[in-house]
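Reminder, nothing fancy here: chain letters follow the sequence lines and each chain counts from 1. Keep in mind the model is a prediction, meaning the values are calculated, not measured.
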There are 2 protein chains.
Amino acid sequence: MVHVFRALDDETRRLVLDELSVRDGQTLFEICSVLTMRHGLSLTRQAISQHLGVLESAGLVVTERRGRSKFHYFNPEPLAEITGRWPTRKRTEQ
Amino acid sequence: MVHVFRALDDETRRLVLDELSVRDGQTLFEICSVLTMRHGLSLTRQAISQHLGVLESAGLVVTERRGRSKFHYFNPEPLAEITGRWPTRKRTEQ
DNA sequence: ACTTTAGGCAAGGCGCGACTTGCATGTCAA
DNA sequence: TTGACATGCAAGTCGCGCCTTGCCTAAAGT
């Protein structure tokens, strides 16, 4: 089980979440190609796969397998832990 | 300049923000002792100092120096980057 | 059955971040 | 000014995370 904060501490994983926000339910290869085309990333398929594993372990991505394809969906629920941990207020006067 | 996501990817730094949320404007030694007492941490003063440096570099902590003391204040503003990056909606149907 | 396609598993390299140790700087009190 | 207090700087160790390479499993097409 990977912590949400650690999952978000990587620009590639954040870009993956960006992409899934635009178009949900993409496969590994689709994510690979769109990351290469639109963001100039040159990573191997395994690298992206490991990133997706981290995101899934953190609960930020849920998957569904159909045949030989695996579809990835963005799940924003764990983000609530971040927004709820600290009160969003202005700093107090000293 | 440290990224907000990286600054938050450390339980010690998150505890520091927790403590500053409870009582703002603490010095390095105060943070050290309260982390040791209340959270069972056994870190050196330098370790905590480096953590505070990361938080300050990320903009999550602002400081003010008076004499030989340095006071640390929690600044929640950078957290907006997290909450604003991804839409908080339920996942679409496939 | 054979090939192609989509993905998984495991080991290794490599760099960076967390932490420590030691010394230096600057401030306040007596 | 001398000593104690609060913090800063720098080098070094060590573990872990990111990425690659290589091989394997399984589903679909022909």
Novice: Check each of A/Leu15, A/Thr12, A/Ile31 against A/His51 using the side-chain contact (heavy atoms from CB on, under 4.5 Å) test, and report the only one that passes.
Specialist: A/Thr12

Novice: Ignoring hydrogens and angles, tell me if any N or O in the side chain of A/Asp24 forms a donor-acceptor pair with the backbone of A/Phe74 under 3.5 Å.
Specialist: yes

Novice: So, the side chain of B/His72 versus the backbone of B/Gln26: is there a donor-acceptor pair under 3.5 Å, distance only?
Specialist: yes

Novice: Using whole Å, report how far NZ of A/Lys70 lies from P of D/dT25.
Specialist: 18 Å

Novice: Just checking, is any N or O donor in the side chain of A/His3 or B/Glu11 under 3.5 Å from an acceptor N or O on the other one?
Specialist: no

Novice: Does a side-chain N or O of B/His51 approach OP1 or OP2 of C/dC19 to a distance below 4.0 Å, or not?
Specialist: yes

Novice: Do side-chain atoms of A/Glu30 reach the backbone of A/Thr27 as a donor and acceptor pair under 3.5 angstrom?
Specialist: yes

Novice: Strictly under 3.5 Å: I want the nitrogen or oxygen pairs between protein and nucleotides 26-30 of chain C, one per line.
Specialist:
from, atom 1, to, atom 2, distance (Å)
C/dT27, O2, B/Arg68, NH1, 3.4

Novice: Flag the pair A/Leu43 / A/Leu35 as yes when at least one side-chain heavy-atom distance between them is below 4.5 Å, and no otherwise.
Specialist: no

Novice: What is the distance, to the nearest angstrom, from the CD atom on A/Glu30 to the P atom on C/dT5?
Specialist: 15 Å

Novice: Has the side chain of B/Thr36 got a donor or acceptor atom that lies under 3.5 Å from a matching backbone atom of B/Cys32?
Specialist: yes

Novice: Toward the 5' end of DNA chain C, which comes first, A/Gln50 or A/His72, by nearest nucleotide?
Specialist: A/His72

Novice: So if I take every side-chain heavy atom of A/Ser49 and compare against D/dG8, D/dT21, C/dG8, which nucleotide ends up nearest?
Specialist: C/dG8

Novice: Using whole Å, what does the distance between atom P of nucleotide C/dC9 and atom CG of A/Leu28 come to?
Specialist: 13 Å

Novice: Could you give the CZ-to-P distance, from B/Arg65 to C/dT25, as a whole number of Å?
Specialist: 14 Å

Novice: Within the side chain of B/Ser33, is there an N or O that forms a donor-acceptor pair under 3.5 Å with the backbone of B/Phe29?
Specialist: yes

Novice: With side chain to side chain contact (heavy atoms under 4.5 Å, CB included) as the criterion, how do A/Val4 and A/Leu60 come out once you've worked through the C-alpha distance, each side chain's angles and the decisive distance to 0.1 Å?
Specialist: CA-CA 8 Å; A/Val4 187; A/Leu60 286 166; 4.1 Å; yes

Novice: Any base atoms under 4.0 Å from A/Thr63, or only sugar-phosphate, or nothing? Heavy atoms, all strands.
Specialist: nothing

Novice: So do the side chains of B/Val61 and B/Leu17 get within less than 4.5 Å of each other, counting heavy atoms only?
Specialist: yes

Novice: Strictly below 4.0 Å, heavy-atom distances to any atom of DNA chain C: list the hits from residues 1-14 of chain A, or just say none.
Specialist: none

Novice: Taking atom CG of B/Leu28 and atom CZ of B/Arg45, what is their separation to the nearest 0.5 Å?
Specialist: 6.5 Å

Novice: What is the distance, rounded to the nearest whole Å, between atom CD1 of A/Ile31 and atom P of C/dG8?
Specialist: 11 Å

Novice: For A/Phe29 and C/dT4, what is the distance between atoms CZ and P respectively, to the nearest whole Å?
Specialist: 14 Å

Novice: Give me, pair by pair, the N or O atoms of the protein and of nucleotides 22-24 of chain D that are less than 3.5 Å apart, along with how far apart they are.
Specialist:
from, atom 1, to, atom 2, distance (Å)
D/dG22, O6, A/Gln46, NE2, 3.2

Novice: Is a side-chain N or O of B/Arg14 found less than 3.5 angstrom from the main chain of B/Leu8, in a donor-acceptor match?
Specialist: yes

Novice: For A/Ile48 and C/dA6, what is the distance between atoms CD1 and C1' respectively, to the nearest whole Å?
Specialist: 15 Å

Novice: For B/Thr44 and C/dT20, is the shortest distance between a side-chain N/O and OP1 or OP2 below 4.0 Å?
Specialist: yes

